2 protein chains.
Amino acid sequence: MAGSTDRAADLTIQEMARRSGFTEPTLRYYEKIGLLGRVARDESSGHRRYDPATADRVEALACLRSAGMTVSGMRRYLDLLARGDSAAAEQRDLFAVQAEKLAADIERLRLRLAYLRGKADLWDARVRGDTDAEKRAIDDVTRVMNQFTD
Amino acid sequence: MAGSTDRAADLTIQEMARRSGFTEPTLRYYEKIGLLGRVARDESSGHRRYDPATADRVEALACLRSAGMTVSGMRRYLDLLARGDSAAAEQRDLFAVQAEKLAADIERLRLRLAYLRGKADLWDARVRGDTDAEKRAIDDVTRVMNQFTD
DNA sequence: TCCGGCACCTCAAGCGCTTGAGGTCAAACC
DNA sequence: GGTTTGACCTCAAGCGCTTGAGGTGCCGGA
């Protein structure tokens, strides 16, 4: 029958956390505030079991969250989802906007990564007592930092 | 004289926020919990003024924070800073570790960006009633989602 | 059989900001 | 010369998790 619980594809909270990048407490928290709807439980143990549909939903939320979406934004998304194809244009716009935000974030992070690597190089030069490499490293870091200004 | 406050290079809290990516409240908060040491104030208005040395420190903290470093981690970093060249090896390791973490984070985010773009395409196909493009978009998204599994 | 050890559970408190309320001061405009 | 605008201030409360305390049930040895 439909809605049966015999498929072993359901995820434990640990697996769900690994896939989504949310921590286990966060998953419990999201459930508590109503973002995940009803999450099934294993009959005997009472442990959570994430079915494929719920897992997809959690993964979508994780991507939106990465793009900086707040909990209330996620609720709005879930409302759109419930409206199905009649909200297709809104869905498209929502994903497009979040994608742009995330792309911009990633650019900023790449700069910061360059900074961290530059600083690692700088201290490495100091450890090695290589004053030439140190000068070059300082130049590099300075060049990166100037890009923060914009 | 040394330590004079006449250079106009000092940043307002707004400018500091823009450069560092921290919000203004976060900058006030960090100051309050002792991460920034003493931040100078404009004599007449009482407004904060971030001098170049403080600004550098804030930018370093911002990069470390991007890599997921906690407040207590940042305190440890500031301790190392205070120890100067005698802690060079630790500094190198700290920056190297954070750089690797950030690099891994960025990789995960790129995947999520691909997901968001894929979903935007999918809903766009639905808006346009293009069932062929919709099928392709579903395939794309599915392919991306499979990569979450690892 | 009993003994970890581990994955999960709940509930409460804490942390790291964020938001809001309420106020000061300085330049800018009627 | 008032008044509006905008950047800043402080203090308190709220939000979104995170951490910790304390407990249950299962599973693989000794």
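Nothing here was measured: the structure is a model prediction, and the numbers come from that model. Every chain is numbered from 1 and lettered A, B, ... according to where its sequence line falls, protein lines coming before strand lines.
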(request) Please indicate whether A:E107 has more than 12 foreign heavy atoms, meaning atoms of other residues, nucleotides or ligands, lying under 6.0 Å from its CD. (result) yes
(message) In the structure I gave you, are the side-chain heavy atoms of B:L116 and B:K119 within less than 4.5 Å of one another anywhere?
(response) no
(message) Between P on D:dT24 and CG on A:D42, what's the gap in Å once rounded to a whole number?
(response) 18 Å
(message) When you compare the side chains of A:D42 and A:S44, does any donor N or O come within less than 3.5 Å of an acceptor on the partner?
(response) yes
(message) Tell me the interatomic distance from A:M16, atom CE, to C:dC9, atom P, rounded to whole angstroms.
(response) 14 Å
(message) Whether the B:T54 and B:D56 side chains hold a donor-acceptor pair (N or O, under 3.5 Å, no angle test) is what I'd like checked.
(response) no
(request) Would you please classify the geometry between the B:Y115 ring and the A:F95 ring as parallel, tilted or perpendicular, with 30° and 60° separating the classes? (result) perpendicular
(request) Take atom CZ of B:R110 as the centre, draw a 6.0 Å sphere, and report whether it contains more than 12 heavy atoms from other residues, nucleotides or ligands. (result) no
(message) Do B:L122 and A:L78 sit in one hydrophobic cluster, given that two such residues count as connected whenever their side-chain heavy atoms are within less than 4.5 Å of each other, even indirectly?
(response) no
(request) Count the heavy atoms of every other residue, nucleotide or ligand shown that sit under 6.0 Å from CD of A:E100, and state whether that count exceeds 12. (result) no
(request) Specify the residues of residues 44-57 of chain B, ordered by number, for which at least one heavy atom lies under 4.0 angstrom from an atom of DNA chain D. (result) B:G46, B:H47, B:R48
(request) Determine: side-chain N/O of A:R41 to OP1/OP2 of D:dG25, distance under 4.0 Å, yes or no. (result) no
(message) If you take any heavy atom closer than 4.0 Å to DNA chain D, which residues from residues 61-73 of chain B end up in contact?
(response) none
(request) Could you check which residues of residues 22-35 of chain B get a heavy atom under 4.0 Å from DNA chain D? Sort them by number, please. (result) B:E24, B:R28
(request) Could you tell me whether B:D105 and B:R108 have a side-chain N and a carboxylate O separated by less than 4.0 Å? (result) yes
(request) Could you tell me whether a side-chain N or O of B:R41 sits under 3.5 Å from a main-chain N or O of B:G46, the two making a donor and an acceptor? (result) yes
